[in-house]
Amino acid sequence: MTLETVSTARCHGGMQGVYRHQSSATGTPMTFAVYVPEHAPGARLPVLWWLSGLTCTHENAMVKCEYKAACNEHGVIFVCPDTSPRGEGVPNDEAYDFGQGAGFYVNATQPPWSEHFQMRRYIEEELPALVAENFPVDMDRQGISGHSMGGHGALTVSLRNPGRFRSTSAFAPIVSPLNCPWGDKALTGYLGPDKAAWREYDACALIADGARLPDLLVDQGTGDEWLEGQLKTHLLEQALAQAGMTGTIRMQPGYDHSYFFVSTFIADHVAWHAERLKA
């Protein structure tokens, strides 16, 4: 696959780049960001994938997340994909929580979304192969994280791919799309009304069905306006307890859903991932 360099800039000792390519999964151009820390020639570095939330592109995390200093300190590559296909001919919806900017990291099966909205395949297969080919990553040392809809993506991608990720974390994730309005709208639209087909895109359902992670870190703000109606962190706590699965869920007093919250704790997450990725 041909990779186009859109921009590069030196930052905190490393290099922040933005790249574009033609995706076979989505049938559209896709743009993503990669931060590569300082490293010795020939070194292969662990990689941390970051999945963003509703309305976001690659740029939101790149500009607001404040991960670069921590990634350079710990020697971790940081990859920020887009959240959906975009462009002329790609279907869309007027609402912020469906269509472009709201791919929910699923492989859509319902028209007109099924032609382009193949974000699961893009994230799980195509983009990792592209990054492995073009950047100094050690694909045996991968971690994944994300925010909100991207937290949902990080949890479900990791749960569906046992052994691929040494570390998994999330910020204010949608833990159970089966049980919230955002999930009900998106999964009905992309996958159809049969909720049995939704279970592979629901972290709590995946855990109930036997999927496991070696460890998990979740940060959730108590001042988050979406906590009770959409995120429902207590459902993840229940799923972990019922499965006997190890996980740390930190309720952060007064923090909301914004990148101000994410940027406050992102260095903690990078360090947590780095410890596991370098073990």
Side-chain angles (χ1 to χ4, degrees), residues 25 30 32-37 44-53 56 58 60-62 65 67-68 70-71 74-84 103-107 119-132 135 137-175 177 200-204 206-207 211-220 236 240 245-250 262 265-279:
M30 294 294 288
F32 64 98
V34 180
Y35 180 77
V36 180
R44 312 297 288 184
L45 306 178
V47 58
L48 179 55
W49 304 90
W50 174 268
L51 304 185
S52 291
C56 291
H58 69 282
N60 296 75
M62 182 180 74
C65 200
Y67 55 80
K68 302 172 192 70
C71 284
H74 294 287
V76 174
I77 290 175
F78 200 93
V79 182
C80 305
D82 202 347
T83 56
S84 78
F104 270 82
Y105 305 100
V106 306
N107 284 341
M119 287 301 294
R120 172 180 175 177
R121 180 155 65 96
Y122 180 69
I123 295 297
E124 290 186 357
E125 300 175 20
E126 184 177 15
L127 186 60
L130 184 67
V131 168
F135 298 92
V137 298
D138 179 353
M139 296 298 281
D140 289 329
R141 295 187 292 160
Q142 298 184 67
I144 191 166
S145 187
H147 173 229
S148 193
M149 179 186 72
H152 140 77
L155 294 177
T156 56
V157 168
S158 190
L159 285 163
R160 285 195 306 263
N161 292 274
R164 177 182 294 190
F165 301 97
R166 293 193 186 183
S167 53
T168 305
S169 76
F171 290 81
I174 304 170
V175 304
E200 61 186 323
Y201 298 109
D202 184 297
C204 293
L206 285 165
I207 293 169
R212 296 291 182 267
L213 299 174
D215 203 357
L216 174 66
L217 174 63
V218 173
D219 272 317
Q220 172 64 59
L236 180 61
L240 294 177
M245 184 174 139
T246 301
T248 300
I249 298 178
R250 307 190 300 192
V262 175
F265 300 102
I266 189 64
D268 289 353
H269 281 240
V270 171
W272 184 88
H273 283 275
E275 181 180 0
R276 287 151 181 79
L277 294 173
K278 293 180 179 179

Inset, instruction - List the steps, then state whether side chain to side chain contact (heavy atoms under 4.5 Å, CB included) holds for Thr246 with Leu216. - result: CA-CA 7 Å; Thr246 301; Leu216 174 66; over 6 Å; no
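- The backbone N or O of Ala279 sits less than 3.5 Å from a side-chain atom of Arg166, completing a donor-acceptor pair.
- Shortest non-hydrogen contact noted between Ser158 and Leu213 is OG-CD2, 3.1 Å.
- Rounded to the nearest 0.5 Å, atoms CG (Leu155) and OG (Ser169) are 8.5 Å apart.
- With sequence neighbours left out, the side-chain hydrogen bond (donor to acceptor under 3.5 Å, both in side chains) criterion links Thr156 to no other residue.
- Under the 30°/60° scheme for interplanar angles, the aromatic rings of Phe32 and Phe135 are found to stand perpendicular.
- Outside the 6.0 Å centre-distance limit, the rings of Trp50 and Tyr35 are not counted as a close aromatic pair.
- Ile77 is not listed as a side-chain neighbour of Cys71, based on a closest heavy-atom distance of 4.5 Å or more.
- Listed for the Gln142 side chain is no donor-acceptor partner under 3.5 Å among the backbone atoms of Val47.
- Atoms CG and CE, on Leu51 and Met149 in that order, are 8.5 Å from each other to the nearest 0.5 Å.
- In this structure, Val262 and Cys65 approach most closely via the heavy-atom pair CG1-SG, 3.7 Å.
- Counting all heavy atoms, side chain and backbone alike, Leu277 lies closest to Gly143 at CD2-N, 3.6 Å.
- With sequence neighbours excluded, no residue forms a side-chain hydrogen bond (donor to acceptor under 3.5 Å, both in side chains) with His147.
- Glu124 meets the side chain to side chain contact (heavy atoms under 4.5 Å, CB included) test with Arg120, Val157, Arg160, Asn161, Arg164; sequence neighbours excluded.
- When all heavy atoms of Trp49 and Pro128 are compared, the pair lying nearest together is CH2-CA, 3.6 Å.
- Checked by atom type, the side-chain pair His58/Ser52 shows no donor-acceptor distance below 3.5 Å.
- When all heavy atoms are compared, the tightest approach of His273 to Ile144 is CE1-O, 3.4 Å.
- For the pair Arg276/Asp215, a side-chain contact is recorded, criterion being any heavy-atom separation below 4.5 Å from C-beta on.
- Not a single donor-acceptor pair under 3.5 Å links the side chain of Tyr122 to the backbone N or O of Tyr105.
- Judged by distance alone, the side chain of Arg212 and the main-chain N or O of Ile207 form a donor-acceptor pair under 3.5 Å.
- Rounded to the nearest 0.5 angstrom, Asp202 CG and Glu200 CD are separated by 11.0 Å.
- In this structure, the ring of Tyr67 has its center no less than 6.0 angstrom from the ring center of His269.
- Tested against Leu217 for a side chain to side chain contact (heavy atoms under 4.5 Å, CB included), the candidates Asp268, Thr248, Thr168 yield a single pass: Thr248.
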Inset, instruction - Kindly indicate, with the supporting measurements, whether the criterion side chain to side chain contact (heavy atoms under 4.5 Å, CB included) is fulfilled by His152 and Phe104. - result: CA-CA 8 Å; His152 140 77; Phe104 270 82; 4.0 Å; yes
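- The CZ atom of Phe171 sits 12.5 Å away from atom OG of Ser148, with the distance rounded to the nearest 0.5 Å.
- Formation of a donor-acceptor pair under 3.5 Å by the Lys68 side chain with backbone atoms of Met62 is found in this model.
- Between the side chain of Asn107 and the main chain of Arg121, a donor-acceptor pair closer than 3.5 Å is present.
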Inset, instruction - Please report the C-alpha distance between Leu236 and Ile249 in whole Å, then the side-chain angles of each, then the deciding distance to 0.1 Å, and finally whether the side chain to side chain contact (heavy atoms under 4.5 Å, CB included) criterion is met. - result: CA-CA 9 Å; Leu236 180 61; Ile249 298 178; 4.0 Å; yes
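- Nearest heavy atoms, Gly75 versus Lys278: N-NZ, 4.1 Å.
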